[in-house]
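Side chains included, hydrogens not; waters and symmetry mates left out as well; all remaining heavy atoms used.
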Amino acid sequence: MMTKSRRFAALIFICLAELLVVLDNTVVNVALPTMSVDLFASVSDLQWIVDAYTLTFAGFLLTFGHLGDRFGRRRVMIIGLIGVGAMSLVGALASNLEQVIMARAAMGVFAAAVFPATLAMITNIFTDARERAIAIAAWTAMAGFAIAIGPTAGGWLLEHFSWHSVFWMNVPAALLVIVGVLLVVPESKALHVGRFDFVGTILSLLGIVILVWTIIDAPHRGWVSAFSITGYLSATVLLGAFVFWELRTDAPILNMNLFRIRRFSFPALAIAVSYFSMFGFLFLITQYFQGVREYSPLEFGIHSLPFAAAVAVGAPVATLAAQKLGTTAVMVFGLLVLSGGMFLAGRTTVETPYLGPVVISMVLMGLGLAIVQGPATDSIMSSVPLDEAGAGSAVNDTTRELGGTLGVAVIGSIVASYYTSKVAPIVDAIPDAVMSAQEKGFARESVLSVIEIRSRDISPLFEQQKDSLIYTMKTACLEGFAIASYFTVGAALITALLVALLLPWKPVTEGSILGSLTTKTPK
């Protein structure tokens, strides 16, 4: 029997492991503009720097959640932490775009071994309902804390070091967490497991990878080109085969019958849509602050703090509200707040002041995300048996990451398509003596090229044309953002309607982790 002090010491290191995994995405977002200049990366390349991590992460979550239940969650987490540290070292030493993307993809695989184990171990360590509620709330709030310190920490690093530093910082952090986990976190695993679902693992991984790859590549090949349509159909067939197989195998990697439980399936959908909106928003706000407003990485980090603070504050507030109002009411409200924030963000123009619509949209987005994820996580984890805690956690995490990956892919692709259609004719008309073919290619695809264009020395005769080009690039980016915002607003509103109509509104305390905060535990 663990003492109370050791249980909460274990919680600290479990949350630090979660922090390390979540922080990787927020820190890298800040470094994207610097990478784009140093590595001559297009918008699609930048998407792959982000998606290489989130794609492999999402693809392997179910596998490692299942392996943790089978062989031991702490053991799988330690392997993941070692891998994240080692692959961060590879990324820190990378000298070209391909090496960065490969390092990020490998980091995503190992991070997938860490994340499901965190929530699964919390539900096993904290057997007292009230303590478990506090631990789950801390786990949920940690994502907000990672978002809070990510842009600012990344901005500070880039202010003093190169973009390689966002990889270097993971190495000592991983070593610290490994030591702490080995000292205070006990091993846990399921008492009863079936055979490993190899077929389901392969089908899910291939289906997700092909789907996201197709969406990212669509602006370049055409949304309805033969290649794109083949990709959509292939992904549909593979994911359909995955569902068919999981419903019939004796030991599925994902128990599809869980989705028959409304308190499992609709919160999972709400989380996926919320992270679809958030990751798309974060990817675009990086280009807005550093391409449109031309902020330095540190200035970007500081100006993004309202979004981060809203997430950090909103998570515990939503937890308290869900106890009295119920999961359904809180999730519906969160989705409405989220859609309002994205709608307002989509109305941003080059002249829009930071203090006003920009800050308000960030706060609304952060609050909406925070309000949804706490109660939704509680509902999901309350729907699965303790032996399947790893698999349940993996479903919770997979919906987040799949939603986030698709958010970057879909929103980024829409903006890239519109931006290129408006900017390419103007850039193509510029004489080669003024702008090289490589510089033109970069300017056609990314508003972040404004950084390089602005810094270039040019004849005074062309200054007016340069300013006009920069303004056009900024305007095209924000107009594309406005179009993309309608997709996220629509997705959030439709999800809110589904949750409101199909989930019961009466608060549930029996079996609810967070609801137990208002229920006294028998002594």
Side-chain angles (χ1 to χ4, degrees), residues 1-23 65 68-69 72-78 80-81 84 111 113-149 172-190 311-323 370 373-382 384 386-387 389-390 392-393 396-397 509 511-523:
M1 180 71 178
M2 294 179 69
T3 63
K4 183 175 182 179
S5 59
R6 186 178 175 185
R7 286 196 296 275
F8 281 94
L11 176 64
I12 290 172
F13 284 101
I14 289 172
C15 286
L16 285 176
E18 177 196 5
L19 174 65
L20 177 64
V21 171
V22 176
L23 197 61
D69 287 342
R73 293 153 188 147
R74 189 182 75 163
R75 178 180 299 170
V76 171
M77 175 189 275
I78 292 296
L81 289 168
V84 168
V114 176
F115 209 49
T118 58
L119 190 55
M121 287 193 293
I122 285 174
T123 58
N124 276 269
I125 290 171
F126 292 91
T127 55
D128 177 81
R130 294 174 67 84
E131 285 189 1
R132 184 185 291 180
I134 295 171
I136 291 287
W139 183 91
T140 302
M142 182 54 72
F145 182 67
I147 295 170
I149 67 170
L175 290 173
L176 173 65
V177 176
I178 288 169
V179 172
V181 169
L182 288 173
L183 288 176
V184 300
V185 178
E187 183 61 278
S188 71
K189 58 184 177 180
V311 177
V313 172
V317 171
T319 299
L320 295 173
Q323 299 167 34
Q373 69 174 348
T377 298
D378 168 44
S379 187
I380 290 171
M381 294 306 294
S382 298
V384 299
L386 202 58
D387 265 3
S393 175
N396 180 64
D397 302 335
T509 55
S512 174
I513 295 169
L514 300 181
S516 63
L517 278 172
T518 56
T519 306
K520 292 185 178 180
T521 305
K523 295 184 179 179

How long is the gap from [atom1] on [X] to [atom2] on [Y], to the nearest 0.5 Å?
{"X": "Glu187", "Y": "Met121", "atom1": "CD", "atom2": "CE", "result": "8.0 Å"}
{"X": "Leu16", "Y": "Leu23", "atom1": "CG", "atom2": "CG", "result": "11.0 Å"}
{"X": "Ile125", "Y": "Arg74", "atom1": "CD1", "atom2": "CZ", "result": "10.0 Å"}
{"X": "Leu119", "Y": "Trp139", "atom1": "CG", "atom2": "CH2", "result": "4.5 Å"}
{"X": "Leu183", "Y": "Arg6", "atom1": "CG", "atom2": "CZ", "result": "9.0 Å"}
{"X": "Gln373", "Y": "Ile380", "atom1": "CD", "atom2": "CD1", "result": "11.0 Å"}

Provide the closest heavy-atom pair for [X] versus [Y] in the form atom of the first, atom of the second, distance.
{"X": "Leu81", "Y": "Val114", "result": "N-CG2, 3.6 Å"}
{"X": "Ala113", "Y": "Gly80", "result": "CB-CA, 3.8 Å"}
{"X": "Asp69", "Y": "Lys189", "result": "O-CB, 3.4 Å"}
{"X": "Ala370", "Y": "Gly314", "result": "CB-C, 3.5 Å"}

Exercise. For Phe8, check side-chain contact (heavy atoms from CB on, under 4.5 Å) against everything at least two apart and list the hits.
Key: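 Only Lys4, Leu11, Phe126, Glu131, Ile134 meet the side-chain contact (heavy atoms from CB on, under 4.5 Å) criterion with Phe8.
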Quiz prompt | Which residues share a side-chain contact (heavy atoms from CB on, under 4.5 Å) with Ala174, sequence neighbours left out | solution =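 side-chain contact (heavy atoms from CB on, under 4.5 Å) check on Ala174 returns Leu20.
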Quiz item: Do Ile178 and Ile78 have side chains that get closer than 4.5 Å, going by heavy atoms?
Solution: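 Side-chain contact under 4.5 Å: yes.
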Self-check item: Minimum side-chain heavy-atom gap Val185-Met77 below 4.5 Å
Solution: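 No, their side chains stay 4.5 Å or more apart.
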Quiz prompt | Trace of the side-chain contact (heavy atoms from CB on, under 4.5 Å) decision for Val179 with Phe13 | solution = CA-CA 9 Å; Val179 172; Phe13 284 101; over 6 Å; no
Quiz prompt | Verdict with reasoning, Met142 to Thr118, per side-chain contact (heavy atoms from CB on, under 4.5 Å) | solution = CA-CA 12 Å; Met142 182 54 72; Thr118 58; over 6 Å; no
